[in-house]
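For reference, the structure is listed below as structure tokens.
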Amino acid sequence: MDRSVLEQIDPRVLGARLQDARKVAGLTQQAVAEPMGMARTTIVAIEKGDRRVTVDELLSLAKLYGRQVSEFVSRRAVTESFVPQFRATERDILDEHADFEQAAIELQRLAEDYAELERITSVPATRSYLPPYEVSGAQIEQTAAYVASAERNRLGLGDGPIGNLRERLETDLGLRIFYYRMPSRIAGVFAYNDPLGACIGINVSHPRDRRQWSLAHEFGHFLMHRYRAEITVLEVRRRGSASERLADEFASQFLMPASGLERRMTELAMGRSTGVTLADVISLADLYRVSVQAMILRLETLRRLPPGTWDRLKVEGFKPQHAQRLLGIDANPAVRETLPQRYVALAVEALRRGELSEGQLARYLRTDRVTARAQVEEARQQIYSEQDEFANLADLDLARSLDAR
Amino acid sequence: MVNQFTLLDSSVLINILATNQVEAVLKTLNTGAGVCSAVAAEALYLRGERPTDPRTKISLGPLIEQGLLQEHTVQTEQERELYVDLAADLDDGEAMTLAIAYERRIITATDDKKARRIARARFGNDVRLLGTADIMNRWAQDQDEMSVCAVLRRIETVAQFRPPNDDPLLRWWLTATAQP
């Protein structure tokens with residue numbers, strides 16, 4: 001007779017999955033041991049993989065953690081967990097805020113789901129990673145300027161605003177970028193390992209400009225501190241570390257390159273007696289998808305605004321959101337695609353092939369079944385409409401002379 | 001011995017809930033109708049009739065209280081073991097539905113391609129499968145064309161379902177929904 005799935009699965013894998021689920025549920029080993037009628041040491045042994053769980057124990061644990069049994073016994077490929085990496089570099093912050101670890105665990109789950117979709121559809125990830133930049137010892141501003149300029153050149157971005165940063169990083173470099181809910185003080189997370197590649201999580205609840213900044217910031221970590229898992233926390237004391245300041249400086253220079261900004265400021269000032277106005281700067285911030293504060297501070301650094309402009313505006317009670325509303329700027333549109341487009345396309349393809357069930361699809365897409373069905377339909381229509389476009393193009397004679405004579 | 005009820009997977013249950021005629025549709029099964037506890041625990045939503053309408057969360061509680069749906073769970077050791085085994089390849093609702101269906105030789109309603117493939121491969125003819133189109137086709141026998149059209153269109157809109165291309169009843173479905 002075939003061995004059961006609990007006999008086949010590596011107990012260390014199952015133990016690690018159970019441990020992650022317990023932590024996400026916010027339970028201690030002792031709090032689990034009591035309702036399970038076990039000693040705490042038994043829970044420790046199960047999580048370490050030293051003791052196999054029985055079917056009934058697994059069903060009880062899944063219920064206790066509010067998780068699906070299938071999450072624990074799925075046949076998906078096993079990868080090294082990001083959590084120990086985060087623990088190694090962010091121990092203090094994780095000890096202080098137990099809920100922060102959930103952001104790391106969710107990044108792991110999303111990245112594993114993505115890799116699993118690639119495996120079952122046989123469409124491997126394409127990565128175009130250069131080695132990390134060597135940044136030790138150099139001045140922060142100079143290093144950030146060098147790396148930002150080199151990456152803009154490599155990605156062919158010129159010196160203007162970047163409207164589609166996420167798509168560029170996903171498509172051109174193969175980064176895995178996810179938007180999801182995190183505790184409000186976390187802006188983003190970054191982690192890397194060989195099987196999963198570079199993975200970035202951005203807090204979906206933050207405003208558009210913050211999200212864009214966080215994405216550039218985490219991209220900076222990918223370029224300069226790749227082997228160090230990182231949680232970006234919105235706290236002044238945390239932002240003092242050298243790697244955080246470098247990533248922030250990189251974000252500033254990458255999103256707002258000096259040459260492009262200088263040119264726009266010159267154009268704005270031309271032929272005007274009033275010079276550049278507050279409305280100009282607010283519109284410029286919107287164009288570059290950065291906060292008004294970030295834009296003003298950058299222009300101060302570039303000496304296109306007097307030093308202390310931002311501080312003065314703050315003292316005067318300036319409220320950026322109010323000003324943006326007056327100018328008709330919606331700086332906080334919801335994120336339309338929390339998952340990468342390619343991830344969704346792979347999930348739809350896996351469903352079409354019968355490699356994913358509908359329930360699994362909904363779980364991969366982090367939504368309910370009917371919304372997942374709608375996404376599948378939308379993806380199918382896109383494919384059909386593209387096929388129609390190709391059909392029309394096939395009849396087009398591109399060699400036809402356009403000379404009217 | 002074949003027990004006299006049909007176990008509905010979420011993929012079919014959502015479509016039946018979308019009809020707004022749950023009692024009449026379930027009666028056409030000529031058996032009782034049931035769901036497993038994993039399906040009952042799943043958060044199920046339906047869309048509104050207009051694209052701008054918010055989605056609605058469905059509660060199975062009233063249907064279970066009225067006796068229109070029975071809730072079943074894995075009871076024996078064999079059912080629990082089979083459920084966990086199937087959960088390696090399916091989600092919980094799908095795995096528990098098939099485990100109960102096989103162990104109790106119950107008719108199962110699922111539209112899911114993967115669940116159907118696994119059921120056929122593992123259980124052969126020991127599990128009899130129905131789909132949404134089978135159930136709606138039976139219900140439609142006693143209905144006028146306009147009612148059938150309206151209900152099937154509602155399934156398409158609020159449950160976003162249409163039978164797959166390999167469903168023998170797809171042509172019937174398309175004809176039935178093509179009313180002016």
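Chain naming here is simple, since letters A, B, ... match the order of the sequence lines and numbering starts at 1 in each.
- Between B/Phe161 and B/Trp173, the ring planes are perpendicular. Angles over 60° get that label, and only those under 30° would be called parallel.
- Using a 4.5 Å cut-off between heavy atoms, B/Arg117 touches chain A through its side chain atoms alone.
- Minimum interatomic distance between B/Leu8 and B/Ala109 (heavy atoms only, all atoms of both residues): CD2-CB, 3.7 Å.
- Among the candidates A/Ser357, A/Ala362, A/Gly359, the residue making the largest number of heavy-atom pairs closer than 4.5 Å to chain B is A/Ser357.
- The cationic atom of A/Arg17 (NZ for Lys, CZ for Arg) does not lie both less than 6.0 Å from the six-membered ring centre of A/Phe72 and within 45° of the ring axis.
- Contact annotation for A/Leu356: only backbone heavy atoms (N, CA, C, O) come within less than 4.5 Å of a heavy atom of chain B.
- Contact annotation for A/Arg353: only backbone heavy atoms (N, CA, C, O) come within less than 4.5 Å of a heavy atom of chain B.
- Most heavy-atom pairs under 4.5 Å with chain A, from the set B/Arg116, B/Arg162, B/Arg80: that is B/Arg80.
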Exercise for review: Any chance you could lay out the side chain to side chain donor-acceptor pair (under 3.5 Å) test for B/Thr177 and B/Arg153, step after step, and finish with the verdict?
Suggested key: CA-CA 6 Å; B/Thr177 50; B/Arg153 280 185 183 170; 5.7 Å; no

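- For B/Asp112, the part lying under 4.5 angstrom from a heavy atom of chain A is the side chain only.
- Neither the backbone nor the side chain of B/Ala95 has a heavy atom closer than 4.5 Å to any heavy atom of chain A.
- Heavy-atom distances place the side chain of A/Arg363, and not its backbone, under 4.5 Å from chain B.
- Interface remark: A/Glu355 contributes backbone and side-chain atoms alike to the contact with chain B (heavy atom separation under 4.5 Å).
- Using a 4.5 Å cut-off between heavy atoms, B/Arg47 contacts chain A through both its backbone and its side chain.
- In this structure a side-chain-to-backbone donor-acceptor pair under 3.5 Å is present from B/Gln160 to B/Thr157.
- Only the side chain of B/Glu42 comes within less than 4.5 Å of a heavy atom of chain A; its backbone N, CA, C and O stay farther away.
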Exercise for review: Given side chain to side chain donor-acceptor pair (under 3.5 Å), test B/Lys114 with A/Gln360 step by step and report yes or no.
Suggested key: CA-CA 10 Å; B/Lys114 185 176 181 185; A/Gln360 289 174 317; 3.1 Å; yes

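- Residue contact with chain A, scored on non-hydrogen atoms closer than 4.5 Å, involves the side chain of B/Ile14 exclusively.
- The shortest heavy-atom contact between B/Asn15 and B/Ala159 is OD1-CB, 3.4 Å.
- A donor-acceptor pair is defined here as one N or O able to donate and one able to accept, closer than 3.5 Å; such a pair exists between the side chain of A/Arg211 and the backbone of A/His206.
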